[in-house]
Amino acid sequence: MQIYNTMSRRRERFEPREPGRVGLYVCGITVYDHCHIGHARALVVYDLLYRHLVASGYDVTYVRNITDVDDKIIDRAAREDTTADDISERFIRSMHEDAASLGTIAPTHEPRAMDSIDAAIKLIEKLIDSGHAYAGDNGDVYYAVSAFEDYGKLSGRRPAELRSGLRVAVDEHKRDPLDFVMWKAAKPGEPSWPSPWGDGRPGWHIECSAMSMSLLGETFDIHGGGLDLEFPHHENEIAQSEAATGQTFANYWMHNGLVRVDDEKMSKSLGNFTTIRQVLEHFDGEEIRAFIASSHYRSPLNYSDAQLEASRAALQRLYTALRGHDDIADEPSNAAAGGEPALDESAITRFDDAMNDDLNTSEAMAVLHDLATQLNVASRKGQNTDVAKVAQLAATLRHLGARLGLLQEDPERALQRGASLDADRIDALIEERTAARAAKDFARSDAIRDELAKAGVLLEDVDGKTTWRRS
RNA sequence: GGCUGAGUGGCAGAGUGGCUAUGCACCGGAUUGCAAAUCCGUUUACCUCGGUUCGACUCCGGGCUCAGCCUCCA
């Protein structure tokens, strides 16, 4: 597999440290609000990576942290006159609901910063001892950027350039304006933990260093996160971790592109975000997933209803192809009994090649669509329908859909989900229309069809039977 | 200002030194009572200026435009 490594700025052949095993750490969510579509992208992108690694035969330890010790959480708790724990718990629940709606597989470990404070303190002590950090007289502890020679190697920034471009007021307790906080002294009323430097809490960067190394070791294979975390967050993680251990922190750095709105980054600070749950009012989680998979994970992705609708149409096409074949597709091994290969190997190969090429999900989706076309052709009524071929194509489409976390619903149900009328009412009208058609009362039958169409229910007369789907 | 990255057909979005991406939309045809779904076919591209090459959308360089980061952010 080829992975684009931000560290080298090129695609590299992926070689895990230990054959067959992969340690994957992804920066998760700071839980002070509902997740937006940008978070959805990160959740889905690394879920796709995880699924592909597992499908490739790796034993993957997938760690996605939860940042539940943070200024924003404390601020929100103060605003709502509640505790930080209350805020964290509420939005952890929300995040888990959203992640489930998007069809993501739960990570192997989901460490919380709150539970890693001791590990963070130990790391800070180690860095002070080695001269990479110092305590300020205000109770804060800072990392000394100048003591780490490789600072800037991920983002391509040099400390000298950074100093000259500084746009932020300099903290008088820092020896160098680039130094960053690893331990923050507590202000009155803030949640805090005891430490050798007084009560306080760890900074964001050290939390991630502590959580990742606690679960994956001093060196692990892949570290992922949003592109906006490349600097300073990941740069600082590297500085802390590598200064403390003398080892390479992560071998491969992956960064997903950001979601945009009107060609501008979607973010909390810009206020132009749409939460996952808002989108779920109009679209299914699977449609959001298909939307995210439609472009390469490193490209920017523009969010719009039109894009979601295009993904809905694409999924409808795939489910339509699958309709009527799902009984066979559920048991791909059955098809093997007759000596035919259970799955279409050429499609699988093409799909694997695409995914092995730095997760080319666009190409992977194209494979699904090509399978749908073949399936539609093979299962057409008429001369020499090849039953085994149809079964194989349907099974393959379902199988590869699963590789992307898609197409796992019953096709009929997927095509009908979200309908505004209840099924009994629709069935009654269909029955009436069928009777009218039998009597050649086409005026009446068309009137019923139009009425249903207005309610967003489309009728299809297939093989003498009428079925419906949501428009 | 510095550091990254991007500019593909009506829209979205892959990809390749010479050969069909794919989906949606459009047009023509098949099918249908008419539709829908489906199939077949057509049309529409590669920011700009140079360079390398037999040949570049694809490689190299300049320019223009856009985005991300340099402050919390997936």
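The sequence lines fix the lettering, A, B, ..., with proteins before strands; numbering per chain opens at 1.
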Problem - A:H205 and its ring pair (Phe, Tyr, Trp, His ring centres under 6.0 Å) partner, picked from A:W183, A:F180, A:F231, A:F249 - result: A:F180
Practice task
Return no unless some side-chain N or O of A:N376 is found under 4.0 Å from OP1 or OP2 of B:A37.
Solution key: no
Practice task
Please report, rounded to the nearest Å, how far the P atom of B:G2 is from the CZ atom of A:R158.
Solution key: 17 Å
Exercise for the section: Scan A:D228 against the nucleic acid and name what it touches under 4.0 Å (heavy atoms): base, sugar-phosphate only, or nothing. Expected result: base
Completion exercise
Under a 3.5 Å limit on both distances, the Watson-Crick or wobble mate of B:C59 is B:G51
Practice task
Mind checking A:S269 for me? I need base, sugar-phosphate or nothing, with any heavy atom below 4.0 Å counting as a touch.
Solution key: base
Practice task
Check the side chains of A:E237 and A:Y25 for a donor-acceptor pair under 3.5 angstrom, ignoring hydrogens and angles.
Solution key: no
Problem - Other residues, nucleotides, ligands: >12 heavy atoms within 6.0 Å of A:E80 CD - result: yes
Practice task
Could you state the atom-to-atom distance from CG of A:D463 to P of B:A37 in whole Å?
Solution key: 16 Å
Exercise for the section: Could you please name the partner base of B:A45, counting Watson-Crick and G-U wobble pairs only when both distances are under 3.5 Å? Expected result: none
Problem - B:C60 versus B:A67 - spacing of their C1' atoms, nearest Å - result: 24 Å
Handout entry: Whole angstrom value for the distance that separates P of B:G10 from CD of A:E309
Key = 21 Å
Practice task
Report the base-pairing partner of B:U31 (Watson-Crick or G-U wobble, both distances below 3.5 angstrom), or none.
Solution key: none
Problem - Pairing nucleotide - B:G1, Watson-Crick or G-U, each distance under 3.5 Å - result: B:C70
Handout entry: A:R10 atom CZ, neighbour heavy-atom count above 12 within 6.0 Å
Key = no
Handout entry: Rounded distance (Å) that lies between atom P of B:C73 and atom OH of A:Y32
Key = 9 Å
Handout entry: Side-chain donor-acceptor contact under 3.5 Å, A:H233 with A:D228
Key = no
Handout entry: Crowding at CZ, A:R163 (>12 non-hydrogen neighbours, <6.0 Å)
Key = yes
Problem - C1'-based separation of B:C39 from B:C49 [nearest Å] - result: 46 Å
Fill in the blank from the handout: Given the options A:D284, A:D47, A:D98, A:R289 meets salt bridge (Lys or Arg N to Asp or Glu O under 4.0 Å) only with A:D47
Practice task
Please determine if a side-chain N or O atom of A:K265 lies less than 4.0 Å away from the OP1 or OP2 oxygen of B:C69.
Solution key: yes
Handout entry: Ring-face cation of A:R298 near A:Y4 (centre distance under 6.0 Å, axis angle within 45°)
Key = yes
Handout entry: A:Q374 side chain reached by A:L397 side chain, heavy atoms, under 4.5 Å
Key = no
Exercise for the section: Using a 4.0 Å heavy-atom cut-off across all strands, classify A:G257 as base, sugar-phosphate, or nothing. Expected result: base
Problem - Interatomic distance where CZ belongs to A:F351 and C1' belongs to B:A14 [whole Å] - result: 15 Å
Practice task
Counting Watson-Crick and G-U wobble pairs only, both distances under 3.5 Å, name the nucleotide matched with B:A6, or none.
Solution key: B:U65
Exercise for the section: Would you indicate whether A:E431, at its atom CD, is surrounded by more than 12 heavy atoms from other residues, nucleotides or ligands within a distance under 6.0 Å? Expected result: no
Exercise for the section: Indicate, with a heavy-atom threshold strictly under 4.0 Å, whether A:S267 touches base, sugar-phosphate, or nothing. Expected result: base
Practice task
Would you mind pulling out the nucleotide paired to B:A36, Watson-Crick or G-U wobble, both distances under 3.5 Å?
Solution key: none
Below 3.5 Å is the cut-off: list the nitrogen or oxygen pairs between protein and nucleotides 20-24 of chain B, distance only.
from, atom 1, to, atom 2, distance (Å)
B:G23, OP1, A:R317, NH2, 3.3

Practice task
Mind checking A:G38 for me? I need base, sugar-phosphate or nothing, with any heavy atom below 4.0 Å counting as a touch.
Solution key: base
Handout entry: C1' atoms of B:C64 and B:C19, separation to the nearest Å
Key = 33 Å
Practice task
Just compare B:A67, B:C73, B:A74 and give me whichever is closest to any side-chain atom of A:W204.
Solution key: B:C73
Exercise for the section: Return yes if a side-chain donor-acceptor contact under 3.5 Å exists between A:R76 and A:S88, otherwise no. Expected result: no
Handout entry: Polar side-chain contact A:R157-B:C69 base: donor and acceptor under 3.5 Å
Key = yes
Practice task
Measure distances between side-chain N and O atoms of A:K72 and base N and O atoms of B:C73, and say whether any donor-acceptor pair falls under 3.5 Å.
Solution key: no
Exercise for the section: For A:G156 and for A:Q307, locate the closest nucleotide of RNA chain B by heavy-atom distance; then report the residue assigned to the nucleotide nearer the 5' terminus. Expected result: A:G156
Practice task
Using the C1' atom as the reference point in each nucleotide, state the distance between B:C24 and B:G13 in Å, no decimals.
Solution key: 11 Å
Completion exercise
note: A:N302, atom CG; B:C66, atom P; distance rounded to Å ~ 15 Å
Completion exercise
Of A:F231 and A:T30, the one whose nearest nucleotide on RNA chain B sits closer to the 5' end is A:F231
Problem - B:U38 and B:C46, which share atom name P, separated by this distance in whole Å - result: 31 Å
Practice task
Give one of base, sugar-phosphate or nothing for A:H233, where a contact means two heavy atoms less than 4.0 Å apart.
Solution key: nothing
Handout entry: Spacing between A:I430 atom CD1 and B:A37 atom P, to the nearest angstrom
Key = 16 Å
Handout entry: Heavy-atom protein contacts under 4.0 Å, nucleotides 25-36 of chain B, coded B base, S sugar-phosphate only, - none
Key = --------BBBB
Practice task
Could you check which of B:A14, B:C39, B:A74 has an atom nearest any side-chain atom of A:N256?
Solution key: B:A74
Practice task
Tell me yes or no: between the side chains of A:S101 and A:R277, is some donor less than 3.5 Å from an acceptor?
Solution key: no
Exercise for the section: Using the P atoms only, state how far B:G62 lies from B:C27, rounded to an integer number of Å. Expected result: 46 Å
Problem - Rounded distance in Å between the P positions of B:A25 and B:C59 - result: 33 Å
Handout entry: Nearest-Å distance once atom C1' is located in both B:G15 and B:G2
Key = 33 Å
Practice task
Indicate whether any N or O donor in one side chain lies under 3.5 Å from an N or O acceptor in the other, for A:S241 and A:S209.
Solution key: yes
Exercise for the section: Indicate whether OP1 or OP2 belonging to B:A14 is found under 4.0 Å from a side-chain N or O atom of A:S299. Expected result: yes
Completion exercise
Whole-Å distance, A:I74 CD1 to B:C72 P, equals 15 Å
Practice task
Identify whether any heavy atom of A:L229 sits under 4.0 Å from a base atom; if not, whether one sits that close to sugar-phosphate; answer base, sugar-phosphate or nothing.
Solution key: sugar-phosphate
